[in-house]
Amino acid sequence: MKISILTITPEFFQGFLNTTIVKRAIDKGRCEIEIIDIKSYAHGSFRHIDDSPFGGGRGMVMRCQPIYDALQEICDEGSHKILLSPKGTTYTQSKARELSGKKHIVLVCGHYEGVDARVEEWMDEQLSIGDYVLTGGELAAEVITDSIVRLLDGVLREGSATEESHENGLLEYPQYTQPREFNGQSVPEILLSGHKAKIEEWRLTQSLLLTRKHRPDMFEKYGLSDKEKKLLEKADKE
Ligand code: ADE
């Protein structure tokens, strides 16, 4: 797959492209990540990428021409174009899964007070990474790229990505490693028992308890099986 990121600050992505997972995916040929400087598509000697809003008001608005020209050059019918904006639909793990199946994703990073609204009409969708306002879409582009790339075949160890929080509608169970005892805190006895079925049951119970506590919204949507209801009842009594 290919991910093209349109930005006015290409230098922002230097460290990101050299980090472990993203770098591994690129090195293994699982994905290509292209950083495109919107400024290089701006016309005129001043290469203006922004201007004041029609009708007056605060700040500057990103002009549509450089974005249009960049999209014309890099997109074909198979390109899935996304504008990153606090006005977008909230990004989720299931959207990450959906996007990981696309051939070409184009992420347009908005800035300033916003982007000329005509750009929105050229997009397939607008995504927000949460209910807060960032200075620009670059951090959102990194978040989305990271979450997609780790789902591509051969990037993570087999199974690692499917047992995580959000993959099955529940948060992940707690994990422990050596030492067994640290600073008076010990690893739950069951994990040292070697009893596979009991460990599975304990992990499922912990996932249910954690999700109910930290994410009641997710818990409500999750359809509990009879077995899971019984596990919770038992845990509540303990
Ligand atoms: N740009 C500014 N804020 C954003 C957000 N929350 N998500 C995506 N892009 C943004």
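Since this is a predicted model, take the numbers as computed values, not measurements. As the structure lists them, so they are numbered: ligands from 1, and atoms in each ligand from 1.
- Ligand 1 has at least one atom lying under 4.0 Å from a heavy atom of Leu127.
- Scanning the protein heavy atoms around atom 6 (N) of ligand 1, the nearest turns out to be Tyr132 O, 2.8 Å.
- The nearest heavy-atom contact from the protein to atom 9 (N) of ligand 1 is Ser85 N, 3.2 Å.
- The nearest protein atom to atom 7 (N) of ligand 1, hydrogens excluded, is given as Ile129 N, 3.0 Å; this is a heavy-atom distance.
- Side-chain contact check for Arg30 versus Val149: every heavy-atom pair is 4.5 Å or farther apart.
- Applying the 4.0 Å criterion to heavy atoms of Ala140 picks out, from ligand 1, the atoms 8 (C), 9 (N).
- Taking 4.0 Å as the cut-off between side-chain N and carboxylate O, Lys95 and Glu98 count as a salt-bridged pair.
- Counting only heavy atoms from C-beta outward, the side chains of Met1 and Ile105 approach each other to under 4.5 Å.
- Contacts with ligand 1 closer than 4.0 Å are made by heavy atoms of both the backbone and the side chain of Ser128.
- For atom 3 (N) of ligand 1, the closest non-hydrogen atom on the protein side is Leu134 N, 3.0 Å.
- Taking 4.0 Å as the cut-off, Gly130 counts as a neighbour of ligand 1 on heavy-atom distance.
- Remark: Cys75 SG to Lys81 NZ distance equals 5.0 Å, nearest 0.5 Å.
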Please step through salt bridge (charged side-chain N to carboxylate O under 4.0 Å, His left out) for the pair Asp236 and Arg212, ending with a clear verdict.
CA-CA 12 Å; Asp236 286 336; Arg212 188 174 66 181; 2.7 Å; yes
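- Residues Glu228 and Tyr222 are in side-chain contact: their nearest non-hydrogen atoms beyond the backbone lie under 4.5 Å apart.
- For atom 1 (N) of ligand 1, the closest non-hydrogen atom of the protein is Pro86 CD, 3.5 Å.
- Side-chain contact between Phe13 and Thr7 is present, with heavy atoms from C-beta onward closer than 4.5 Å.
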